[in-house]
Amino acid sequence: MGQFVDAALSFPTVLFTFMLVVIIAYWMLVAAGVFGFDGDGGDGGDGAEATGATGFLSGLGLGGVPAAVVVSLLVVVAWFASLVGGTLFTSTPALVAVLVAALVCAWACTRLVVLSLRRLVPKERVPSRADFVGRVCVIRTRRVGRDFGQAEVTSADGSSALVQVRQTGDEVFAAGSVALIFAYDSPGEFFWVMPYDAELDPDRSI
């Protein structure tokens with residue numbers, strides 16, 4: 001046991017030993033519920049700092065996985081590699097080479113794990129205006145024509161938005177009436193609407 005402690009506190013392993021202690025303490029606190037695990041790579045700290053760390057890891061080819069997981073893997077692999085190398089070599093030049101090799105090994109092993117984990121982490125779907133197509137809306141202007149009109153539409157997550165709407169016919173849309181969004185015009189950035197009869201679709205909610 002004493003030899004293990006000596007090796008863990010010797011160069012270059014000691015550089016990663018204290019980081020390993022911090023990593024272990026962090027995950028113990030996460031398991032205890034003291035810290036919340038941030039799947040985006042932060043730990044509840046400053047947003048700019050988290051973004052910088054995530055960007056740095058992405059530049060190393062280690063993005064797409066929570067930063068806490070990536071950093072933990074880097075530290076664990078580097079610590080183990082330096083511990084093994086430190087017990088095999090004793091000269092200063094060799095130990096410096098062990099440090100470099102440990103860092104390279106940590107990056108390579110972590111990248112392999114990250115590539116595997118990326119397949120398991122679901123990709124976040126980016127909301128699109130096209131998501132409103134097929135939903136009903138409530139007209140908020142006195143009329144809706146080919147060049148004017150606004151309506152309020154509720155998305156799947158319960159949030160509402162005020163959007164520009166147009167119609168192709170001569171129907172009368174008064175304020176407060178219900179219409180159905182059936183298409184989106186990308187160049188004009190507005191939605192096409194048509195009259196909506198709730199009796200034809202009684203299970204549909206606004």
Side-chain angles (χ1 to χ4, degrees), residues 1-133 155-159 161 186:
M1 185 64 181
Q3 293 180 348
F4 173 80
V5 174
D6 290 340
L9 296 179
S10 300
F11 180 83
T13 312
V14 67
L15 298 178
F16 305 105
T17 297
F18 293 106
M19 288 188 286
L20 181 63
V21 172
V22 173
I23 292 297
I24 293 175
Y26 169 77
W27 286 112
M28 290 179 63
L29 292 174
V30 170
V34 177
F35 290 159
F37 176 66
D38 189 344
D40 293 330
D43 57 0
D46 182 75
E49 182 180 352
T51 302
T54 303
F56 176 74
L57 293 175
S58 297
L60 295 177
L62 303 176
V65 174
V69 175
V70 175
V71 173
S72 299
L73 289 171
L74 286 171
V75 172
V76 170
V77 176
W79 178 84
F80 181 76
S82 63
L83 179 66
V84 173
T87 57
L88 296 177
F89 304 96
T90 57
S91 65
T92 301
L95 293 178
V96 173
V98 167
L99 174 60
V100 175
L103 293 173
V104 174
C105 181
W107 174 83
C109 293
T110 302
R111 179 164 173 75
L112 289 176
V113 175
V114 166
L115 290 176
S116 300
L117 291 178
R118 282 177 183 172
R119 303 174 184 177
L120 303 178
V121 177
K123 295 183 179 180
E124 182 179 358
R125 184 179 179 276
V126 179
S128 169
R129 293 185 180 181
D131 296 340
F132 289 141
V133 176
S155 61
D157 62 3
S159 60
S186 296

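Computed from a predicted model, the values in this text were never measured in an experiment. Atom set for the values below is all heavy atoms of this structure, side chains included, hydrogens, waters and symmetry mates excluded. FYI, the numbering just counts along the sequence from 1.
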Interatomic distance, Leu57 atom CG to Leu74 atom CG [nearest 0.5 angstrom]: 7.0 Å
Inter-residue atom distance Leu83.CG - Leu88.CG, 0.5 Å rounding: 9.5 Å
Leu99 CG to Phe16 CZ distance, which is reported to the nearest 0.5 Å: 5.0 Å
Interatomic distance, Leu117 atom CG to Thr110 atom OG1 [nearest 0.5 angstrom]: 10.5 Å
For the student: nearest non-hydrogen atoms of Trp27 and Ser72, plus distance: NE1-OG, 2.6 Å
Closest approach of Pro12 to Val98 (non-hydrogen atoms, all atoms of both residues): CG-CG1, 3.9 Å
Interatomic spacing from CG in Leu73 to CH2 in Trp107 - rounded to 0.5 Å: 14.0 Å
Side chain Arg129, main chain Ser186, donor-acceptor under 3.5 Å: no
Side-chain heavy atoms of Val30 within contact of Tyr26, under 4.5 Å: yes
Residues which pass side-chain hydrogen bond (donor to acceptor under 3.5 Å, both in side chains) with Ser159, listed by chain and number, not counting sequence neighbours: Ser155, Asp157
Spatial distance of atom CZ (Phe18) from atom CD1 (Ile23) [nearest 0.5 Å]: 14.5 Å
Minimum-distance pair of heavy atoms, taken over all atoms of Ala102 and Ala78: CB-O, 3.7 Å
All pairs passing side-chain hydrogen bond (donor to acceptor under 3.5 Å, both in side chains) where residues 77-88 contributes a residue, at least two apart: Thr17-Trp79
